Amino acid sequence: MTNALIFAGGVGTRMHSKDVPKQFLKVDGVPIIIRTIGHFEKNEQIDKIAVVCVEPWMGELQYELEVYGMKKVVQILPGGQSGFQSIHIGLEYLSTFMAGEDVVLICDGVRPCLSRELIGECIRNAEIYGSAVPVTPSIDSVLYSDDGRLCGKRISRKKIYITQAPQGYWMEEIMSAHGEAIEKGIEPISSADLMLELGREIHLFPGIRENIKVTTAEDLNALRATQYYEHFKDFAREELNIE
């Protein structure tokens, strides 16, 4: 069994979108979160989807899912105080009917430019290795600074990779990591960060540059104005029947 966990429990303060959480911002009339969920809805390898949503918007999400005929979402859960807590809420729900080596794909709700191939590779790698994190190599030079003003160290970009989502894990692996993190009182930002902070290795595989995370107003503008938007529109037309 392979299930997806979409976490969208935050309000997206970096987007400065006032009263609308970033995941519910619309592009061509369709919420970004619906575009994201659609990639998993239309993927034949995904059995079920659980969504952790910012609580006041749970009703709106249910309405949008019905509008677009999405059937794989089996539960909408209220988000926690942090991304880590929201993911944990979703994992606890999924763990009630998933086996230890079943794969769960964890993805934030603002990834409208995913691809069928990326999801497939994530599942394949997670099934083999127990973890699967898509990455792209850094194309920028990287500097290290403790205070953001003085720099005395350069980091080779050949060793720097940018993480993406979805990230895939055996259910027993990610639940074990969450249990250990709660015991130790730590809340890493991402599941990959969690594994590394606990001293566990993660398996990397090539991601795709089009797979942007829409976090800031600049990201939203990039989505609308560049090749990402063309990818986004093509998927909507071909897979979701959205014009």
Side-chain angles (χ1 to χ4, degrees), residues 1-9 33 35-53 65 70-77 79 83-136 161-182 188-208 211 213 235 239:
M1 176 182 286
T2 299
N3 296 322
L5 168 56
I6 311 298
F7 64 99
I33 190 170
R35 306 279 189 175
T36 303
I37 295 171
H39 290 281
F40 299 94
E41 172 76 24
K42 294 295 182 179
N43 194 299
E44 64 281 354
Q45 293 181 272
I46 301 296
D47 297 300
K48 295 181 175 66
I49 304 168
V51 184
V52 183
C53 180
L65 291 171
M70 296 189 177
K71 307 295 186 184
K72 287 186 181 179
V73 176
V74 293
Q75 190 73 27
I76 301 174
L77 302 151
F84 174 83
Q85 291 178 21
S86 291
I87 292 171
H88 188 69
I89 289 167
L91 288 174
E92 282 198 315
Y93 167 74
L94 290 173
S95 69
T96 61
F97 56 86
M98 290 181 68
E101 291 191 6
D102 284 345
V103 171
V104 57
L105 301 189
I106 302 172
C107 189
D108 47 87
V110 285
R111 296 274 180 177
C113 294
L114 286 167
S115 73
R116 181 185 301 274
E117 292 75 22
L118 181 67
I119 291 173
E121 278 299 295
C122 192
I123 294 170
R124 188 181 70 81
N125 281 275
E127 286 176 340
I128 296 170
Y129 301 104
S131 65
V133 178
V135 297
T136 57
Y161 294 87
I162 311 302
T163 60
Q164 297 185 335
Q167 296 181 10
Y169 298 94
W170 287 342
M171 177 55 76
E172 63 184 4
E173 284 292 318
I174 193 65
M175 285 300 290
S176 167
H178 269 251
E180 187 177 344
I182 291 170
I189 294 174
S190 75
S191 297
D193 290 336
L194 167 63
M195 290 294 190
L196 295 173
E197 189 158 341
L198 295 176
R200 306 186 186 194
E201 290 187 337
I202 53 175
H203 177 75
L204 308 181
F205 72 96
I208 56 173
N211 181 22
K213 180 182 180 183
F235 174 80
E239 300 292 338

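In this text, all values refer to a predicted model and were calculated from it rather than measured experimentally. Residues take their numbers from the sequence shown, with the count starting at 1.
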> Taking the side chain from K48 and the backbone from N3, do they hold a donor-acceptor pair closer than 3.5 Å?
Replying inline: no

> What's the shortest heavy-atom distance between A126 and V103, and which atoms?
Replying inline: CB-CG1, 3.8 Å

> Would you call I128 and H203 a side-chain contact if the rule is heavy atoms closer than 4.5 Å?
Replying inline: no

> Quick one: CD1 on I49 to CD on E41, what's the gap to the nearest 0.5 Å?
Replying inline: 5.0 Å

> So, R111 side chain and N211 main chain: donor-acceptor pair closer than 3.5 Å or not?
Replying inline: yes

> Are side-chain heavy atoms of L118 and F205 found at a separation under 4.5 Å?
Replying inline: yes

> Going through the checks in order, is the side-chain contact (heavy atoms from CB on, under 4.5 Å) test met by I123 and I46?
Replying inline: CA-CA 9 Å; I123 294 170; I46 301 296; 4.0 Å; yes

> Can any side-chain N or O of T136 pair as donor or acceptor with the backbone N or O of G207 at less than 3.5 Å?
Replying inline: no

> Would you say the side-chain atoms of H39 pair up with the backbone N or O of P112, donor to acceptor, closer than 3.5 Å?
Replying inline: yes

>> Would the distance check show the side chain of Q75 and the main-chain N or O of Y93 forming a donor-acceptor pair, the cut-off being under 3.5 Å?
In response: no

> Are any of the side-chain heavy atoms of M195 and I174 separated by less than 4.5 Å?
Replying inline: yes

> Taking it one step at a time, do I76 and L65 satisfy side-chain contact (heavy atoms from CB on, under 4.5 Å)?
Replying inline: CA-CA 11 Å; I76 301 174; L65 291 171; 3.8 Å; yes

> Is M171 close to L94 at the side-chain level, that is, under 4.5 Å between some pair of heavy atoms?
Replying inline: yes

> Nearest 0.5 Å, what's the CZ-CG distance between R35 and L114?
Replying inline: 13.0 Å

> Side chain of Q167, backbone of S131: donor and acceptor closer than 3.5 Å?
Replying inline: no

> Taking all atoms of both residues into account, what is the closest heavy-atom pair of L198 and A177, and its distance?
Replying inline: CD1-O, 3.4 Å

> Is there a side-chain contact (heavy atoms from CB on, under 4.5 Å) between F84 and H178 once you walk through the steps?
Replying inline: CA-CA 9 Å; F84 174 83; H178 269 251; 3.5 Å; yes

> If you take all heavy atoms of G168 and C122, which pair is closest and at what distance?
Replying inline: N-SG, 3.4 Å

> Any luck finding a side-chain donor-acceptor pair between R200 and S176 under 3.5 Å?
Replying inline: yes

> Run the side-chain contact (heavy atoms from CB on, under 4.5 Å) check on E44 and R116 step by step: do they pass?
Replying inline: CA-CA 10 Å; E44 64 281 354; R116 181 185 301 274; 2.7 Å; yes

>> Donor-acceptor check, side chain of D47 to backbone of T2, threshold 3.5 angstrom: yes or no?
In response: yes

> Minimum heavy-atom separation for L105 to P166, with atom names?
Replying inline: CB-CB, 4.1 Å

>> Using side-chain heavy atoms (C-beta onward) and a distance below 4.5 Å, is L196 in contact with I202?
In response: yes

> Looking at CD1 of I189 and CD of E197, how far apart are the two atoms once the value is rounded to the nearest 0.5 Å?
Replying inline: 10.0 Å

>> Within this structure, what is the CD1-OG distance for the pair I106 and S190, rounded to the nearest 0.5 Å?
In response: 9.5 Å

> Does the pair R124/E127 count as a salt bridge with the N-to-O cut at 4.0 Å?
Replying inline: no

> Which heavy atom in G90 sits nearest to a heavy atom in L5, and how many Å separate them?
Replying inline: CA-CD1, 3.7 Å

> Would you find a donor on one side and an acceptor on the other, under 3.5 Å apart, between the side chain of E172 and the backbone of A99?
Replying inline: no

> Would a distance-only check, ignoring hydrogens and angles, find a side-chain to backbone donor-acceptor pair under 3.5 Å from S86 to G79?
Replying inline: no

> Any donor and acceptor pair, going by atom type alone, linking the side chain of D193 with main-chain N or O of P188 inside 3.5 Å?
Replying inline: no

> What is the distance from atom CD1 of I182 to atom CD of Q85, rounded to the nearest 0.5 Å?
Replying inline: 8.5 Å

> Considering all heavy atoms of both residues, which atom of W170 and which atom of Y129 are nearest to each other, and what is their separation?
Replying inline: CZ2-C, 4.4 Å

